[in-house]
Number of protein chains: 2
Amino acid sequence: MAGTIRKSARRVTAADVAEAAGVSRSAVSRAFTPGSYLDDGKRRAILRAAKRLGYRPNAMAAILQGGASDLVAIFAGEMPNDFDREVAAALVSGLNAIGKWPLVIGGDEATARRALANVLRYPLEAMILRSGSLDEGVAKSCAKLGVPVISSGRILHMPGVDNVCCRNRDGMADMGRLLIEGGRRRVAFVGGPETFWSAGERRLGLVTALHAAGLTLSADAMGAYTVQSGYDAAADLLAGPPFDALVCANDAMAIGALSLLRDRGIPVPEQIAVVGFDDIAMAAWPAFNLTTVRNPIDTLVETVTDLVQRRVETPTKPDETIAIDVSLVCRGTH
Amino acid sequence: MAGTIRKSARRVTAADVAEAAGVSRSAVSRAFTPGSYLDDGKRRAILRAAKRLGYRPNAMAAILQGGASDLVAIFAGEMPNDFDREVAAALVSGLNAIGKWPLVIGGDEATARRALANVLRYPLEAMILRSGSLDEGVAKSCAKLGVPVISSGRILHMPGVDNVCCRNRDGMADMGRLLIEGGRRRVAFVGGPETFWSAGERRLGLVTALHAAGLTLSADAMGAYTVQSGYDAAADLLAGPPFDALVCANDAMAIGALSLLRDRGIPVPEQIAVVGFDDIAMAAWPAFNLTTVRNPIDTLVETVTDLVQRRVETPTKPDETIAIDVSLVCRGTH
DNA sequence: TTGAAAGCGGTACCAG
DNA sequence: CTGGTACCGCTTTCAA
């Protein structure tokens, strides 16, 4: 369907406004700078002319001149599950709320890698990492350029990086103890490839709790943090030696595993307990009622935005590593 | 936890590279401009020096000078459900793939409104609308500045706006006919407030199909496109006159309704059919097995990114309204 | 092929 | 309080 043909117009500049209002460009600049010396009547006249012409100060010029860019990149990775997408959405809102512009980079590794080189041409105030696999490389590139890096969801031991991360090991250790107290003895785990750093941490927490009780992991499966991969991993595990608890590195996989067990008619939690990590909204739905570990997104976002602000304010402040507390959410699958 | 204290360094400029390589700034600029006259040895020397110093051309200066900004804003709204978040994530990836930088604006209306005024200070190549409530105002502001607007998910009849939208009415009309053919006669609908434009369109499609069969809508409930609101709406409807089909304006609400009916022990689809719209990944899970209308995200993203490119290429091209085909997905709840 | 110089659109520092 | 002016860092003429 065709519609109106439009004309492309040149952007209105301060000079245009100055001419229209019969003042100098300096005056126009002052009219848009709070707390600057300018006759009140003149200021009003300028703002009126600006509004009439549709003038907005060009951010590029202001930034080039030395102003804040307010640009913050988010390296979001592929966002394969709802938790990652929720975090990304919440980060965007949180950054908007503190007056920053999140410039989001997502998609597969090749696209992201290509994007990185180019996005660094923009004067970023910070780079937020949520990707997983490319993190070290990105952090190195940023460090070279003096762009502050905030890694969330995985701890990067590099100078020039602030870290925000939930207590993966503690959370999963608590979960392990809960299962053991509930009488479970043969515990299987569904983790992820090395690029999912948190999977390794969570596994470690579980193993620690098991060891303390004189137990070891019964089986180890590899997932991909998606529902489908949890479904498949559970099927693989069922083909092996029996187990009475299935600990998944995240809720998406736990929900997938739950579905598989239901399909096979295996009673949960009577025969096998199934638990996850994150406490996504879905985990609370009656259809799943999943026992899990709460990984609070709001706290994460607050911590990250706070870190962004403090880092921008004091670029030389020491690096920080902030841990976010998690807590057991006992529902019906353990 | 404290760590290394870092130094904040000045950004490396073309002048620094020029000095290091013993050439003029012009030569440095040329070295980064494909297809420009420059001695090959000199170019190599410059690129080497640039790499050593960690130089990247400053995008702000290039843009100010007249270059492409590659900046595309996405007005994403609150993203209350997984479909919206999936679309946002896919749009981000799609834009990255064509070399654009999605600058995402999300969160509640107040935040978004405040953000709009400021983001227009950046030279945006396009503005993608997914918000719902603020769309007209945003489109007007953009039109005044000559920023192309691409509205997706809701048709805006305004000059200067390209529209991409799925065939909401057709899809829901097909669904209505499917239900009628299946013997359903008392059809209830769960829609949304006026800000959810698609809910009205989908309702219209359903009503059309019902009318053609000499039927009318049995009941009308208002949801908010979230799972919880579907759950609540279904509860409200059950308190009224009986019905044998429950059509929800999106999958999230359908899944909520499904949960409520299960909680109440009402057999689906034997006693009541439940259907949705969008075909989110979850709809296919065995736990829900939802009959729905497929609203293809990949096609949406391709269409939008294509439109962005064509609009940037030819700013004066006529406005377009592109409809995306949808299709019935028959599973187990109808 | 090269360097010098003129902007791009602001901001901030001048002297007035 | 005001207007003029020198930048910010890059691209792109222009003349050499």
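Note on naming: letters A, B, ... go to the chains in the order of the sequence lines (proteins, then strands), and numbering restarts at 1 for each one. Being a predicted model, the structure only gives us computed values, none of them experimental.
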query = Are any of A:Tyr37's side-chain N or O atoms less than 4.0 Å away from OP1 or OP2 of D:dG3?
reply = no
task = Considering just the side-chain nitrogens and oxygens of A:Tyr55, establish if one lies under 4.0 Å of OP1 or OP2 belonging to C:dG10.
result = yes
note = When B:Arg25 and A:Arg25 are each assigned the nearest nucleotide of DNA chain C, the 5'-most assignment goes to B:Arg25
request  = Using whole Å, report how far CZ of B:Arg43 lies from P of C:dT1.
outcome  = 10 Å
query = A:Glu19 CD to D:dG3 P: how many Å, rounded?
reply = 14 Å
query = Any idea which of C:dG9, D:dG9, C:dT11 is nearest the B:Asn58 side chain?
reply = D:dG9
note = A:Arg30 CZ to C:dG9 P, in whole Å, measures 20 Å
request  = Check whether any side-chain N or O of A:Asn118 sits under 3.5 Å from a backbone N or O of A:Ala115 as a donor-acceptor pair, and report yes or no.
outcome  = no
key: Check: B:Tyr122 ring centroid to A:Tyr122 ring centroid under 6.0 Å   = no
inquiry  = Can you tell me if B:Lys42 touches the phosphate of C:dT2, counting only side-chain N or O atoms and a distance under 4.0 Å to OP1 or OP2?
reply    = yes
key: A:Leu64 CG to D:dG9 P, straight-line distance once rounded to whole Å   = 7 Å
query = Counting distance only, does the side-chain N/O of B:Ser151 pair as donor-acceptor with the main-chain N or O of B:Arg154 below 3.5 Å?
reply = yes
message = Please determine whether a side-chain nitrogen of the Lys or Arg among A:Asp319 and A:Arg311 lies less than 4.0 Å from a carboxylate oxygen of the Asp or Glu.
response = yes
query = What integer distance in Å separates B:Phe32:CZ from D:dC10:C1'?
reply = 12 Å
query = Taking five pairs at each end, how big is the angle between the two axes of the helix from C:dT1-D:dA16 to C:dG16-D:dC1, to 10°?
reply = 50°
ask   = Is A:Ser29 near enough to C:dT11 that one of its side-chain N or O atoms lies under 4.0 angstrom from OP1 or OP2?
value = yes
ask   = B:Ser26 or B:Met60: which one's nearest nucleotide on DNA chain D is closer to the 5' end?
value = B:Met60
message = Check the phosphate of D:dG4 against A:Ser24, side-chain N and O only, distance under 4.0 Å to OP1 or OP2. Yes or no?
response = no
request  = Using distance alone, with no hydrogens and no angle criterion, decide if A:Thr111 and A:Asp108 have a side-chain donor and acceptor under 3.5 Å apart.
outcome  = yes
query = Should A:Glu109 and A:Arg113 be marked as a salt bridge (Lys or Arg N to Asp or Glu O under 4.0 Å) after you check the CA-CA gap, both sets of side-chain angles, and the distance that decides it?
reply = CA-CA 6 Å; A:Glu109 213 178 290; A:Arg113 191 186 301 279; 2.9 Å; yes
Closest to side chain of B:Thr33, choosing from C:dG10, D:dT12, D:dT2 = D:dT12
query = Is there a donor-acceptor pair closer than 3.5 Å between any side-chain N or O of A:Arg121 and the backbone N or O of B:Asn58?
reply = no
ask   = Is A:Ala59 touching bases, backbone alone, or none of the nucleic acid, heavy atoms closer than 4.0 Å?
value = nothing
ask   = Rounded to whole angstroms, how far apart are CG on B:Asp40 and C1' on C:dT1?
value = 12 Å
task = Please state how far atom CG in A:Leu38 lies from atom P in C:dA12, giving the value in whole angstrom units.
result = 14 Å
query = Between atom CD1 in B:Ile63 and atom C1' in D:dT11, what is the gap in whole Å?
reply = 13 Å
ask   = Any salt bridge between A:Arg44 and A:Asp40, counting N to O under 4.0 Å?
value = yes
